[in-house]
Participant: 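Below you'll find the structure I mean.
Values below: every heavy atom of this structure, side chains too, minus hydrogens, waters and symmetry copies. Ligands are counted one by one from 1 in listed order, and the atoms in each one are counted from 1 as well.
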Amino acid sequence: MNNFSSACAKTILFGEHAVVYGEPAVAIPLHQIRTTARLSHNSFEFRIISSKTGLNKTYYELNSAGGLYQLLKILCDVFSFPDLPADTLEITSEIPIASGLGSGAALSIAIIREFCRFYNKFLSEEDINRIAFEIEKIYHGNPSGIDNTTITYEQPVIFSKTSGFSKLSADISSLNLLVVNSGIRSKTIDVVTDVKKNIDKNMPFIKRIGSVSNLAVQALISGDIPKIGELMNENQVLLKNIDVSCKELDEMLEFGRNQGAIGAKLTGAGRGGNFLLLARDHLHALKLKELFESQGLRVIL
Ligand code: PMV
């Protein structure tokens, strides 16, 4: 058995932003990139460390309004700890932060799972999801819950704020999908706030994004690749209309389409972060991967 716990990244295929306003969205887990948490006893005090980010703090040195502090506080309650035990919590993450892949939710979920493993306590997935959602509110302000849900259950989901989530019964592995990191960081909370500022103007586009998600569910279930690509492109136009794309993303998406990608759209909050390309077949996906990597971009296939 592992002596650590982990949580994966996620990517939204359809419906980001609109999902905040009750429209459906589709997201899938990215099992291959993960955040890992590992607890070990020390004889001194609780300490959280991450060599990658340089984090090395006791519980009381963390920002008390921040997500990590609040998560550890909740875990103290859940585990009935009067104070955090003298443990070292070591974090390592392959998920880029502020890039639309759910790094915040993955961090929370990896930590919750690790406390459960280390202290031999069972929490249901529902409980884990609920705690992670509380912390998402600190990171994102007004989260839909799609990130924590996709990452907790680690399965493709159709998610809506009003009807919750259901498993998407589609063969996602048959999609030749590339997730490309634009290298531009963007804070979800800022983009979500801007969409809200112009909500009257944005609402018709948001409604249409919801319809695109519904059509996409059908296309995904029936494995209609050309239709999936077409809907990705339409979703991107709508995201541009609500002003969550940016010049650099538009150019990279255009380049991808010129290289034969059937569908291309941003994923997550936008204004940077990651984007998706749907390739014709596996060989084409490898070619696209090579092309983007030769420009110094990180590609997940
Ligand atoms: O950028 P991410 O990975 O945090 O995804 C955010 C998705 C939004 O729809 C923009 C916000 C939300 O809470 O659903």
Participant: I'd like to check which ligand 1 atoms, numbered from 1 as shown, lie under 4.0 Å from a non-hydrogen atom of Ser144.
Facilitator: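 So the atoms of ligand 1 that pass are 12 (C), 13 (O), 14 (O).
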Participant: Report yes or no: do Ser124 and Asp127 form a side-chain donor-acceptor pair below 3.5 Å?
Facilitator: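 Result is yes, a qualifying pair exists.
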Participant: Under a plain distance cut-off of 3.5 Å, with no hydrogens placed, do Tyr139 and Asp147 share a side-chain donor-acceptor pair?
Facilitator: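 Tyr139 and Asp147 do not have a side-chain donor-acceptor pair below 3.5 Å.
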Participant: Has ligand 1 got any nitrogen or oxygen that is less than 3.5 angstrom from a nitrogen or oxygen of Gly100?
Facilitator: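 For ligand 1, there is an N or O atom that lies under 3.5 Å from one belonging to Gly100.
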Participant: Just need the protein heavy atom nearest to atom 11 (C) of ligand 1, so name the residue and atom and give the distance.
Facilitator: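 In this structure, atom 11 (C) of ligand 1 has Val20 CG2, 3.8 Å as its nearest protein heavy atom.
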Participant: What are the atoms of ligand 1, with element, lying closer than 4.0 Å to any heavy atom of Val19?
Facilitator: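 Heavy-atom distances to Val19 below 4.0 Å select 9 (O), 14 (O).
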Participant: Does Glu136 come within less than 4.0 Å of ligand 1, judged by its heavy atoms?
Facilitator: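 Not so, Glu136 does not reach ligand 1.
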Participant: So Ser186 and Arg271, side chain to side chain donor-acceptor pair (under 3.5 Å) or not? Walk me through it.
Facilitator: CA-CA 6 Å; Ser186 148; Arg271 302 239 177 103; over 6 Å; no
Participant: At a 4.0 Å threshold, what atoms of ligand 1 neighbour a non-hydrogen atom of Glu16?
Facilitator: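 Going through ligand 1 atom by atom, the ones under 4.0 Å from Glu16 are 9 (O).
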Participant: Which donor-acceptor pairs under 3.5 Å do side chains of residues 74-84 form with protein atoms, sequence neighbours excluded?
Facilitator:
from	atom 1	to	atom 2	distance (Å)
Asp83	OD1	Tyr60	OH	2.9
Asp83	OD2	Tyr60	OH	3.4

Participant: Please say which of Leu301, Leu30, Leu13 ends up in a side-chain contact (heavy atoms from CB on, under 4.5 Å) with Leu177.
Facilitator: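 So the option named by the test is Leu13.
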Participant: Does any N or O atom in Asp147 lie less than 3.5 angstrom from one in ligand 1, N or O only?
Facilitator: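 N/O-N/O distance under 3.5 Å: yes.
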Participant: Do Arg280 and Asn176 have side-chain atoms, one donor and one acceptor, less than 3.5 Å apart?
Facilitator: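 Arg280 vs Asn176: no donor-acceptor pair found between side chains.
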Participant: Within a reach of under 6.0 Å around NZ of Lys137, are more than 12 heavy atoms found that belong to other residues, nucleotides or ligands?
Facilitator: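 Enclosed.
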Participant: How about His41 and Phe118: are their ring centres within less than 6.0 Å of each other?
Facilitator: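 Between Phe118 and His41, which both carry aromatic rings, the centre distance is below 6.0 Å.
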Participant: Which of the atoms in ligand 1, numbered in the order shown and given with their element, are less than 4.0 Å from a heavy-atom of Gly268?
Facilitator: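 In order of numbering, the contacting atoms are 1 (O), 5 (O).
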Participant: Near Leu101, which atoms of ligand 1 are under 4.0 Å from a heavy atom of that residue?
Facilitator: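 Contacts of ligand 1 toward Leu101, numbered from 1: 3 (O).
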Participant: Going by the atom numbers of ligand 1, which of them fall below 4.0 Å from some non-hydrogen atom of Lys10?
Facilitator: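 Answer for ligand 1: 2 (P), 3 (O), 5 (O).
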Participant: Which atoms from ligand 1 have a heavy atom of Ile12 less than 4.0 Å away?
Facilitator: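 Every atom of ligand 1 under 4.0 Å from some heavy atom of Ile12: 7 (C).
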Participant: Of all the atoms in ligand 1, which lie at a distance below 4.0 Å from a heavy atom belonging to Thr188?
Facilitator: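 Numbered from 1, ligand 1 contributes 1 (O), 2 (P), 4 (O), 6 (C).
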Participant: For the residue pair Glu90 / Ser40, report whether a side-chain donor-acceptor contact shorter than 3.5 Å exists.
Facilitator: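 No, Glu90 and Ser40 have no side-chain donor paired with an acceptor closer than 3.5 Å.
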Participant: Are any of the N/O atoms on Pro143, whether in the backbone or the side chain, positioned under 3.5 angstrom from an N/O atom of ligand 1?
Facilitator: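 Looking only at distances, the answer is no, because the N/O contact criterion of under 3.5 Å is not met.
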Participant: Please say whether His17 places an N or O atom under 3.5 Å from an N or O atom belonging to ligand 1.
Facilitator: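 Between His17 and ligand 1 (N or O atoms, distance only) the closest approach is under 3.5 Å.
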